[in-house]
2 protein chains.
Amino acid sequence: MYVNMFFMTEAPICTPDCCPEMFAAPLDDQAAGDLAEIFKALADPTRLRLISLIASSPNAEACACDLAAPVGRSQPTVSHHLSQLVAAGLLEREQRGKWAWFRLDDDRVAAIADALTPAGSNA
Amino acid sequence: MYVNMFFMTEAPICTPDCCPEMFAAPLDDQAAGDLAEIFKALADPTRLRLISLIASSPNAEACACDLAAPVGRSQPTVSHHLSQLVAAGLLEREQRGKWAWFRLDDDRVAAIADALTPAGSNA
DNA sequence: AAGTCATATTGATGTCTGTCGATATGGTAG
DNA sequence: CTACCATATCGACAGACATCAATATGACTT
């Protein structure tokens with residue numbers, strides 16, 4: 001999943017010699033679809049607020065019971081959004097008693113961030 | 001627009017002392033909406049393929065006339081997608097004779113990439 | 001086993017969006 | 001000015017989506 005080509009329009013660092021995959025053919029149908037799924041999960045204000053609420057909570061984790069009020073949405077709506085974020089691989093869900101706790105999937109998020117990182121900074 | 005908090009769940013580098021904005025309250029309604037707009041623009045396979053086609057073209061620019069066929073969409077559809085990408089600030093449009101040329105808005109894209117960069121890599 | 005509480009699912013609804021054919025716009029060339 | 005070509009806009013339509021009230025599920029407590 002190399003989207004880095006987005007960002008290297010003026011990158012003087014990489015060449016087809018050192019980073020052939022960045023000069024490869026554009027995204028095929030499959031890759032574009034997969035990537036779009038990730039961006040779709042991020043393309044809603046309520047979901048972004050949920051993510052940022054969780055990320056800025058103590059221990060970077062939060063109980064679903066504390067999320068509905070801050071985002072001003074009903075409990076079913078919040079539950080639905082959290083499910084989508086889990087499905088997209090952005091959040092991990094853990095059951096603790098009758099509460100559902102959510103945290104960022106660090107590996108997955110790091111991978112996305114990496115794919116979106118300008119070519120220079122990880123070469 | 002500091003989304004970096006997404007990525008710093010385990011970041012040992014930044015503290016509230018050095019990077020106060022990363023520990024700020026979660027995204028407000030306005031910020032979440034703005035960010036979502038950007039992700040929406042990226043949340044479609046056809047638009048991602050257009051972006052990657054342009055980015056991988058010679059000089060990192062492309063004529064609209066060369067984009068419809070590769071993505072397998074009609075001319076109006078491609079025109080519509082390109083407009084959306086311009087509106088989102090991801091592409092710049094330039095008229096050359098009767099042709100429309102598009103290139104990535106490097107500043108804007110860099111800003112987005114920066115916002116999405118893990119905390120460690122630009123500190 | 002029954003009650004209670006947190007969460008998930010269902011069903012419905014209004015809105016947004018990707019797509020195309022048809023048509024309008026605008027630039028170039030003759 | 002007219003013809004032509006590339007691009008944009010319009011109108012329509014099907015599918016996706018965010019949202020909520022109502023209800024189901026599932027877990028703990030007593």
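Naming convention: chains lettered A, B, ... in sequence-line order (proteins, then strands); numbering from 1 in each chain. This is a predicted model, so every value here is computed, not measured.
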Start at the 5' end of DNA chain D and walk down; is the nucleotide closest to A/Lys98 or to A/Pro76 reached first? A/Pro76
Output the single nucleotide from C/dG18, D/dT7, D/dA22 whose closest atom is nearest the side chain of B/Gln84. C/dG18
May I have the distance from A/Asp29 (atom CG) to C/dG18 (atom P), rounded to whole angstrom? 15 Å
Residue B/Phe102, side-chain heavy atoms: nucleotide from D/dA8, D/dC20, C/dT19 that is nearest: D/dA8
Identify the two heavy atoms, one from A/Leu48 and one from B/Ala32, that lie closest to each other, and give their separation to 0.1 Å. CD1-O, 3.5 Å
Nearest-nucleotide pick for A/Trp99, side chain only, options being D/dC17, C/dG18, C/dT7: C/dT7
Round to a whole Å and report the spacing from CG of A/Leu50 to P of D/dA18. 12 Å
How close or far is atom C1' of D/dA8 from atom CG of B/Leu85, stated in whole angstroms? 15 Å
Could you state the NZ-C1' distance from B/Lys40 to C/dG18, rounded to the nearest angstrom? 15 Å
Take the protein atom CG of B/Asp66 and the nucleotide atom C1' of D/dT7, then report the distance between them rounded to whole Å. 13 Å
Within the structure shown, what part of the strands sits under 4.0 Å from B/His80 by heavy-atom distance: base, sugar-phosphate, or nothing? base
Member of A/Asp66, A/Leu82, A/Leu85 meeting the side-chain contact (heavy atoms from CB on, under 4.5 Å) criterion with A/Ile54: A/Leu82
Atom-pair distance (CD on A/Glu94; C1' on D/dA27), nearest Å: 15 Å
Answer yes or no: side-chain N or O of A/Gln75 and base N or O of C/dA6 forming a donor-acceptor pair under 3.5 Å. no
Consider the side chain of A/Cys65, meaning its heavy atoms from C-beta on, and name the nucleotide among D/dT19, C/dG18, C/dA6 that approaches it most closely. C/dA6
Can you check the B/Asp44 CG to D/dC17 C1' distance for me, whole Å? 14 Å
What's the CG-P distance between B/Leu67 and D/dA8, to the nearest Å? 11 Å
Just verifying a value: how many Å separate B/Leu27 CG and B/Asp34 CG, rounded to the nearest 0.5 Å? 9.5 Å
Indicate, with a heavy-atom threshold strictly under 4.0 Å, whether B/Arg96 touches base, sugar-phosphate, or nothing. nothing
Would you compute the distance between atom CD of B/Gln84 and atom NE2 of B/His81 and round it to the nearest 0.5 angstrom? 6.5 Å
Is B/Val86 reachable from B/Trp101 through a run of hydrophobic residues whose side-chain heavy atoms are each under 4.5 Å from the next? no
From C-beta outward on A/His81, which listed nucleotide comes closest to its side chain: D/dT19, C/dG18, C/dT7? D/dT19
Under 4.0 Å between a side-chain N or O of B/Thr46 and OP1 or OP2 of C/dT19? yes
Please pick, from D/dA18, C/dC20, D/dC20, the nucleotide with the shortest atom-to-atom distance to any side-chain atom of B/Thr77. C/dC20
